[in-house]
Number of protein chains: 2
Amino acid sequence: MSTKNQHQDRSPCPLASALDIVGDHWTLLIIRDLMFMGRHEYKEMLEAWEGISSNILSNRLEKLTSSQMIDSVPHPESKRRKLYYLTEKGKSLLPVIAELTIWGFAQKKSNKVPPHLKELLTGSRTKLTKKVLNSLTKWEKTYL
Amino acid sequence: MSTKNQHQDRSPCPLASALDIVGDHWTLLIIRDLMFMGRHEYKEMLEAWEGISSNILSNRLEKLTSSQMIDSVPHPESKRRKLYYLTEKGKSLLPVIAELTIWGFAQKKSNKVPPHLKELLTGSRTKLTKKVLNSLTKWEKTYL
DNA sequence: TCGATTCACTTGCAAAACACAAGTAAAAAT
DNA sequence: ATTTTTACTTGTGTTTTGCAAGTGAATCGA
């Protein structure tokens with residue numbers, strides 16, 4: 001439950017500030033799950049990718065919630081489950097994640113991307129932004 | 001001199017791949033120095049910002065060099081000094097850093113940016129890209 | 001209805017990364 | 001010749017991470 005972050009407010013540089021919030025190995029992957037992969041539950045995120053540790057996931061969800069990047073509601077089908085989703089602030093990271101993803105793909109062509117996200121790596125930024133934000137809005141209309 | 005990275009090749013996801021390379025607190029700040037701040041020497045980077053540890057700086061320069069994001073030449077005025085600079089691969093991070101910087105600035109308005117970089121936060125992406133790349137080319141013509 | 005399972009976390013501990021201070025060797029300045 | 005500068009390295013303690021094993025409440029299945 002440590003809320004202390006060694007790098008908080010390290011600098012008046014906006015890049016450093018951004019890295020204080022999202023500059024670790026896991027935070028952006030969690031946001032990616034919420035943004036692109038349709039994974040909104042703790043368990044789904046745990047099972048996804050390469051296996052984040054449960055304590056790290058818990059810690060990052062807590063930090064993201066307290067910095068108001070994400071929020072959660074109880075799952076309609078179960079009281080113990082939660083549905084996490086991106087706030088507007090969290091959604092505003094879309095351009096960052098898009099550029100990082102495009103860059104990562106350019107560096108390592110062996111990477112795989114689900115077909116419905118292929119266009120993220122090739123199409124125009126504005127088109128991608130619209131598509132993603134639309135899909136998030138759709139989800140919100142169903143669950144919020 | 002540890003070259004091991006616990007997160008290398010964690011995933012076939014391009015975002016995860018990108019984070020394996022630049023997803024720590026210091027790497028992007030070093031690249032920012034080379035890209036925007038005109039800091040090309042070890043000592044300048046050490047003195048900059050909030051104080052990176054010398055061993056961490058050394059380690060990151062080594063990693064960035066081995067992943068061919070940066071390279072170095074001996075300083076024309078001194079044999080023991082080095083001039084670091086971005087390779088094409090390193091320069092290709094410009095859109096990523098630009099978006100992160102813009103995002104960081106939007107989150108924390110109290111951040112300060114040197115005047116000649118103000119337009120990074122407001123103007124068009126393409127204009128900024130040209131300006132930055134031109135300034136890097138200019139530097140290269142002088143020192144390489 | 002009642003034990004088994006699922007879920008969202010905690011806890012404990014070892015390993016890795018990091019920060020800080022001090023040191024080093026070669027080059028350059030005095 | 002001595003001191004200072006530069007680009008690192010080394011040592012040590014602290015913080016963060018990864019992994020395995022809980023935990024307690026909710027839900028399932030018989």
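Scope of the values below: all heavy atoms of this structure, side chains included, with no hydrogens, waters or symmetry mates. Naming: A, B, ... by sequence-line order, numbering from 1 per chain.
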Using a cut-off of less than 4.0 Å, is there contact between a side-chain N or O of [X] and OP1 or OP2 of [N]?
X: A:Trp26; N: D:dT16; answer: no
X: A:Tyr42; N: C:dT10; answer: no
X: A:Lys43; N: C:dC7; answer: yes
X: B:Arg60; N: C:dC18; answer: yes

Minimum heavy-atom distance between B:Pro14 and A:Phe105, given as atom pair plus value: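 Smallest heavy-atom distance, with atoms named: CB-N, 3.6 Å.
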Please give me the minimum heavy-atom distance between A:Glu41 and A:Lys82, naming the atom from each residue. CG-O, 3.5 Å
To the nearest angstrom, how far is [X] atom [atom1] from [N] atom [atom2]?
X: A:Asp20; N: C:dC18; atom1: CG; atom2: P; value: 15 Å
X: B:Asn59; N: D:dC8; atom1: CG; atom2: P; value: 12 Å
X: A:Ile52; N: D:dC19; atom1: CD1; atom2: P; value: 11 Å
X: B:Leu64; N: D:dC8; atom1: CG; atom2: C1'; value: 16 Å
X: B:His75; N: C:dA28; atom1: NE2; atom2: P; value: 11 Å
X: B:Leu61; N: D:dA7; atom1: CG; atom2: C1'; value: 10 Å
X: A:Lys82; N: C:dC7; atom1: NZ; atom2: P; value: 15 Å
X: B:His25; N: D:dT15; atom1: NE2; atom2: P; value: 15 Å

Take the angle between the ring planes of B:Tyr143 and B:His75 and call it parallel below 30°, perpendicular above 60°, tilted in between.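 Tilted: the ring planes of B:Tyr143 and B:His75 meet at 30° to 60°.
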Would B:Asn111 and A:Ser17 satisfy side-chain hydrogen bond (donor to acceptor under 3.5 Å, both in side chains), going step by step from the backbone distance to the final call? CA-CA 8 Å; B:Asn111 277 321; A:Ser17 298; 3.2 Å; yes
Could you go through nucleotides 21-26 of chain D and list every protein N or O atom that sits under 3.5 Å from one of its N or O atoms, giving the distance for each pair?
residue: D:dA26; atom: N3; partner: A:Arg80; partner atom: NH1; Å: 2.8

Closest-nucleotide mapping onto DNA chain D: is B:Glu47 or B:Asn55 further toward the 5' terminus? I mean the 5' end.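 Nearest-nucleotide comparison on DNA chain D picks B:Glu47.
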Closest-nucleotide mapping onto DNA chain D: is A:Ser53 or B:Arg81 further toward the 5' terminus? I mean the 5' end.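 By nearest-heavy-atom nucleotide position, the 5'-most residue is B:Arg81.
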So how far is it from A:Met35 CE to A:Leu28 CG, rounded to the nearest 0.5 Å? 9.0 Å
Please pick, from D:dG18, D:dC8, C:dA19, the nucleotide with the shortest atom-to-atom distance to any side-chain atom of A:Ile56.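 In terms of side-chain proximity for A:Ile56, the closest of D:dG18, D:dC8, C:dA19 is D:dG18.
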The side chain of A:Ser58 lies closest to which of these nucleotides: C:dC7, C:dA19, C:dT10?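 Of all the options, the side chain of A:Ser58 is nearest to C:dT10.
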Indicate, with yes or no, if A:Leu46 and A:Ile31 share a hydrophobic cluster defined by side-chain heavy-atom contacts under 4.5 Å among Ile, Leu, Val, Met, Phe, Trp and Tyr.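 Yes.
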Taking only Lys NZ, Arg NE, NH1 and NH2, and the carboxylate oxygens of Asp or Glu, determine whether B:Lys91 and B:Glu140 approach each other closer than 4.0 Å. yes
